[in-house]
There are 4 protein chains.
Amino acid sequence: MKTKDIILATAKEMISEVGFHKATTANLAKKANISEGTIYRHFESKEDILLHILDALEEQFSYYIEAIRKKLDVKDCSLEEIMTDYFSFVEANEVDMKIMLSTYGLLDSSKRLMAVFLKNLELILEESLRHGIERGEIKDVDVERNATVVMTIIFGLTRMHLYWPDVRDVREEAIEFCRRSLMK
Amino acid sequence: MKTKDIILATAKEMISEVGFHKATTANLAKKANISEGTIYRHFESKEDILLHILDALEEQFSYYIEAIRKKLDVKDCSLEEIMTDYFSFVEANEVDMKIMLSTYGLLDSSKRLMAVFLKNLELILEESLRHGIERGEIKDVDVERNATVVMTIIFGLTRMHLYWPDVRDVREEAIEFCRRSLMK
Amino acid sequence: MKTKDIILATAKEMISEVGFHKATTANLAKKANISEGTIYRHFESKEDILLHILDALEEQFSYYIEAIRKKLDVKDCSLEEIMTDYFSFVEANEVDMKIMLSTYGLLDSSKRLMAVFLKNLELILEESLRHGIERGEIKDVDVERNATVVMTIIFGLTRMHLYWPDVRDVREEAIEFCRRSLMK
Amino acid sequence: MKTKDIILATAKEMISEVGFHKATTANLAKKANISEGTIYRHFESKEDILLHILDALEEQFSYYIEAIRKKLDVKDCSLEEIMTDYFSFVEANEVDMKIMLSTYGLLDSSKRLMAVFLKNLELILEESLRHGIERGEIKDVDVERNATVVMTIIFGLTRMHLYWPDVRDVREEAIEFCRRSLMK
DNA sequence: GATGAATGAGACTTCATTCAT
DNA sequence: GATGAATGAAGTCTCATTCAT
């Protein structure tokens with residue numbers, strides 16, 4: 001593992017655990033067993049580390065979106081699949097997701113990425129709903145507004161899952177909840 | 001308006017806009033047109049200001065909960081009412097809600113208050129669902145899990161509404177969404 | 001009791017207990033049940049309070065010195081009396097003595113007063129020794145140097161007594177110690 | 001000379017000269033020709049600097065005590081030696097002694113160290129007196145009380161020597177004074 | 001005389017960033 | 001590439017003193 005990756009991995013862990021502000025360069029260097037100076041050989045600034053983390057997350061997210069889009073193109077992607085796949089995506093990128101969710105109030109680039117998440121998921125849900133209605137599987141509801149509702153539910157569940165592990169995990173139940181609301 | 005209230009009001013505005021860390025005592029003093037020392041005549045520390053804000057919010061929340069509980073006691077409080085009232089509560093305490101939502105990762109007392117919000121809303125929703133099922137208005141679903149789902153939806157909507165004003169407001173639609181899922 | 005005296009009394013107590021720096025004007029005002037502003041109606045500054053305390057102590061000390069001098073004039077003041085009377089003086093001015101001893105490293109006026117103490121006691125002891133030698137009661141020692149030694153012993157005992165109450169009180173024994181060393 | 005030692009040396013000088021409170025981190029940095037931040041790279045806090053100074057002093061004192069104890073074990077350590085050696089110890093650690101003497105009213109760790117000084121010296125003096133009495137060289141006095149008296153004299157002399165250089169140095173005379181009082 | 005809110009200088013401390021080695 | 005000591009700006013907080021009421 002290269003030094004740059006060690007820094008990134010350590011930073012991810014620290015930021016997700018204690019937040020961006022409390023993850024100081026001094027602590028980071030100590031935990032990564034490198035010197036503070038080395039950080040600046042690989043990154044322009046502390047914020048730059050975050051940018052790299054977010055970039056990687058954006059890439060992963062684009063794969064998820066791409067995969068869903070491919071399914072949608074052949075018209076056989078249900079709401080259920082979108083949600084299940086998204087939860088898998090979150091599971092696989094738990095740490096990075098926590099970082100994005102805890103920094104979008106602090107950092108423009110983080111806010112921008114979050115907006116990308118929201119928009120893409122919304123669009124995909126819209127399309128999925130539209131297909132479902134066409135196929136006669138989904139009730140004839142307002143597509144846009146209901147897509148936004150489902151997206152909100154998805155993000156609410158994600159945050160609850162990541163930040164409030166004491167609250168019972170209802171991701172499965174939530175899928176059922178949506179099915180009952182939307183399926184004929 | 002007394003100095004203490006000016007400080008509180010200015011702090012609320014600043015913290016909700018730029019976050020707790022960037023709302024420095026120097027900025028706060030400048031914006032409130034007082035000296036930094038004055039802050040400490042009225043509050044023990046910067047965190048103490050936040051505590052006052054959160055305490056006030058907790059009090060407001062307790063009124064909301066109390067009002068809902070009274071309705072529940074006479075058995076005529078629908079899911080719809082709980083949600084509508086909660087959204088009104090958020091509307092009336094917008095700034096404070098933003099502060100709580102942006103600090104629960106930073107501050108224990110904020111996290112504690114958020115937990116109070118989550119738990120109380122969950123319990124009320126459980127009770128409401130139970131009543132609805134008794135009255136035969138609500139489907140025979142797992143009460144606890146579905147209460148958690150609805151609570152998650154509510155908090156997701158709140159955060160979306162407060163932090164992403166560009167996303168269309170679907171709070172009304174969400175109520176409908178829940179009704180479809182839960183009402184017979 | 002006038003306000004000025006209340007302030008002085010309270011200040012004495014606080015300073016002797018927690019030291020000059022930790023005795024803040026805020027604490028002083030609170031403990032004296034007056035406002036901070038009132039302090040400055042009666043004293044020019046915080047240091048000025050100390051000056052008043054020291055002035056009072058200086059006056060008391062001058063009475064002690066005067067009394068001893070009168071005895072010396074009629075040639076019948078023993079070393080023992082000087083020490084016993086001094087210990088009585090300290091006992092009667094315990095708090096003020098502690099204040100002087102704890103501030104002479106901080107404040108010129110306090111250092112000056114302490115120098116007055118040292119010098120006067122030294123001179124009196126010299127005179128007493130000289131009389132004793134004349135009368136044939138005291139060994140033929142170097143008067144000046146031995147006066148300084150006894151003065152040092154006296155101040156050492158005073159400080160030990162005031163600051164280290166756990167150390168056994170040996171003031172009586174010390175008098176005996178000096179008698180053995182100096183009396184024929 | 002390493003930065004840490006420069007800071008320590010400068011701090012010693014400043015604290016002994018102007019006291020702990022007036023030796024501010026800003027002044028210290030300026031005098032040591034470093035930035036204030038550098039202080040905190042080497043010490044956890046301003047108090048921590050003092051702790052290092054006191055620790056070093058404690059170590060030096062333990063050497064002195066150890067050396068005296070060794071002499072006492074072979075029963076040939078006179079009161080005179082204890083005093084002379086102690087004065088040498090003070091001479092060699094003048095600055096640090098001044099710091100301890102000027103901070104024991106302010107800081108627990110300083111007070112603790114001072115208590116160690118008092119207790120150890122007292123115990124050693126007791127033992128020495130006991131040996132002297134056994135050997136028939138010392139008068140049959142109350143060992144404990146007279147040890148305390150001598151200890152008090154020693155500390156009185158130390159303080160006088162360090163804080164009142166204008167007062168004539170009577171350390172030699174004081175040894176003689178004690179000999180006269182205690183030796184047969 | 002008395003009040004107490006306000007002040008502002010200055011204390012201690014943190015931390016992202018730089019740079020000589 | 002790596003180090004880690006040094007920096008200095010900026011943060012939170014304290015406290016003697018002032019002043020309008």
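Comparing E/dC12, F/dT7, F/dA2 by their nearest atom to the side chain of D/T25 picks out E/dC12. Among the nucleotides E/dT13, E/dT7, F/dA5, the one closest to the side chain of D/E36 is E/dT13. Taking only side-chain atoms of D/R41, from C-beta outward, the nucleotide of F/dG11, F/dA5, E/dT7 with the closest atom is F/dA5. For C/Y40, the listed nucleotide lying nearest its side chain is F/dT17; candidates were E/dA5, F/dA6, F/dT17.
Taking CZ of A/R41 as the reference point, atom CD1 of A/I7 lies at 11.0 Å (rounded to 0.5 Å).
Positionally, the nearest nucleotide of DNA chain F for D/K4 lies more toward the 5' end than for the other of C/G37 and D/K4. Nucleotides of DNA chain F nearest to B/S45 and C/A26 differ in position, and the one nearer the 5' end is that of B/S45. Nearest-nucleotide positions on DNA chain E place C/I39 closer to the 5' end than the other of A/K46 and C/I39. If you find the closest nucleotide of DNA chain E to D/E47 and to B/S35, the one lying nearer the 5' end belongs to B/S35.
The nearest whole Å value for the distance from the CD1 atom in B/I34 to the P atom in E/dG4 is 20 Å. What separates CE of D/M14 from C1' of E/dA11 is a distance of 13 Å, to the nearest Å. Residue A/F20 contributes atom CZ, which lies 10 Å from atom C1' of E/dA16 at whole-angstrom precision. Taking atom CD1 of A/I49 as the reference point, atom P of E/dA16 lies 9 Å away to the nearest angstrom. Between B/F43 atom CZ and E/dA6 atom C1' there is a gap of 15 Å when expressed in whole angstrom units. Regarding B/I7, its CD1 atom lies at a distance of 13 Å from the P atom of F/dC13, rounded to whole Å. One can place NE2 of D/H21 at 12 Å from C1' of F/dC15, the figure rounded to the nearest angstrom. Per the geometry, NE2 belonging to C/H42 stands 17 Å off C1' belonging to F/dA16, to the nearest Å.
More than 12 non-hydrogen atoms from other residues, nucleotides or ligands lie less than 6.0 angstrom from CG of A/D5. More than 12 heavy atoms of other residues, nucleotides or ligands sit less than 6.0 Å from atom CD of B/E17.
Taking 4.0 angstrom as the limit, D/T38 places a side-chain polar atom (N or O) nearer than this to OP1 or OP2 of F/dT7.
When atom types are taken as modelled, the side chain of B/Y104 and the backbone of B/A115 share no donor-acceptor pair closer than 3.5 angstrom. One N or O on the side chain of B/K22 and one on the backbone of A/L106 form a donor-acceptor pair closer than 3.5 Å.
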